[in-house]
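Note sheet for the following structure.
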Amino acid sequence: MQSMAIVVRDDSYDKILTPLAFAYLTATEGTQVDILFVNWAVKALSVEGAAALRIDGRHGAEEEMVRAGVAKAGLPTEIHDVIKALKATGSVNFYACSLAGAIFGVNEGNLIPEASGIVGAAWFLNEKALKADHCQYF
Amino acid sequence: MNAPCATHTLDTSGKCCPMPMVETNKTMKNLAVGDVLEIIATDVGTRTDIPSWCARSGQTLLSVVEENGVLRYHVRKEK
């Protein structure tokens, strides 16, 4: 697999781990991975948003257990640190959806440096998702 | 059967997906062709991940030994 595109829409801590883990696996094999963060997930690409990610809903009380499990697995427990590790592979690009950024408060002023920018969904879908060998939606 | 002689060892004990595969990939990149990497793992997911990775990446899985919950893989770097 040469390339993979991922669209992430959920910003809860536990649900964002899976696409990041999949990206980490494939990137370390040399696959180019492009990830578009839409809807609430775009907040993960802001410094304050990434630090504020929590487990939502009925599993909210189990966050401590989940974070301990993440640490035991060998991953950083902070999402921003996971993003930094992925970026360090040199094979992962993070994009913020412009619509999501406008709605949920992510702009070029608070975008994390690991992000490649704020982009239109049409560009990502046509230039990345359509051209990728594989696409995933979370 | 004697285990193949390893030139390098990677211990991923206690770690889970994706870290054993991430660390295996990183380690293999720094080895020379012909080197044999022993990978120690406790993540049962490696039972499928490592053989399929070897087949996909062109490396040779020389042996797999599982004892008391510890998996030991010997992989020879081919390219």
Side-chain angles (χ1 to χ4, degrees), chain A residues 1-4 6 8 13-35 44 55 62-94 114 132-134 136 138, chain B residues 6 8-62 64 66 68-79:
Chain A
M1 181 165 59
Q2 300 299 310
S3 59
M4 182 164 77
I6 301 176
V8 185
Y13 178 84
D14 50 336
K15 291 177 182 172
I16 212 165
L17 280 173
T18 302
L20 295 182
F22 283 12
Y24 208 177
L25 278 171
T26 51
T28 51
E29 286 194 32
T31 298
Q32 177 63 47
V33 183
D34 293 292
I35 310 178
I55 295 178
E62 298 166 273
E63 180 157 333
E64 193 175 330
M65 178 271 290
V66 172
R67 284 183 183 264
V70 169
K72 187 179 176 187
L75 279 168
T77 56
E78 292 301 325
I79 294 300
H80 192 183
D81 290 334
V82 178
I83 289 173
K84 288 177 183 174
L86 267 66
K87 193 67 183 177
T89 66
S91 298
V92 183
N93 290 320
F94 300 94
E114 293 77 19
D133 294 328
H134 182 59
Q136 297 186 341
F138 288 87
Chain B
H8 299 77
T9 298
L10 171 66
D11 190 352
T12 72
S13 297
K15 296 179 180 176
C16 294
C17 179
M19 297 317 293
M21 297 313 303
V22 167
E23 292 180 0
T24 296
N25 269 291
K26 284 182 178 175
T27 302
M28 285 295 277
K29 283 175 185 166
N30 294 322
L31 301 187
V33 170
D35 282 351
V36 174
L37 177 64
E38 178 189 32
I39 305 159
I40 303 170
T42 52
D43 179 2
V44 295
T46 60
R47 289 178 187 146
T48 48
D49 281 351
I50 287 182
S52 70
W53 170 78
C54 287
R56 199 165 58 246
S57 63
Q59 316 304 344
T60 299
L61 180 59
L62 299 171
V64 183
E66 183 169 358
N68 299 323
V70 177
L71 294 137
R72 292 176 187 273
Y73 304 88
H74 284 82
V75 177
R76 185 172 62 225
K77 180 163 178 168
E78 304 291 359
K79 57 183 179 181

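Below, chains carry the letters A, B, ... as their sequence lines are ordered, and counting in each starts from 1. As the structure is a computational prediction, the values presented were derived from the model and not from experiment.
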Open item on the list: Does B:Lys15 form a side-chain contact (heavy atoms from CB on, under 4.5 Å) with A:Lys72? I'd like the steps, not just the answer.
Closed with: CA-CA 6 Å; B:Lys15 296 179 180 176; A:Lys72 187 179 176 187; over 6 Å; no
- [ ] Identify the heavy atoms of A:Ala21 and B:Pro18 that sit nearest to each other, and give their distance.
- [x] O-CB, 3.8 Å
Open item on the list: Please find the pair of heavy atoms, one from B:Lys29 and one from A:Thr28, that lie closest to each other, and give the distance.
Closed with: NZ-O, 3.1 Å
Open item on the list: Could you tell me if the side chain of B:Arg56 sits less than 4.5 Å from the side chain of A:Met1, heavy atoms only?
Closed with: no
Open item on the list: With side-chain contact (heavy atoms from CB on, under 4.5 Å) as the criterion, how do A:Tyr24 and B:Met21 come out once you've worked through the C-alpha distance, each side chain's angles and the decisive distance to 0.1 Å?
Closed with: CA-CA 9 Å; A:Tyr24 208 177; B:Met21 297 313 303; over 6 Å; no
Task: Atom NZ of A:Lys15 with >12 non-hydrogen neighbours under 6.0 angstrom - done: no
Open item on the list: Nearest 0.5 Å, please: how far is CG in A:Leu25 from CG in B:Asn25?
Closed with: 8.5 Å
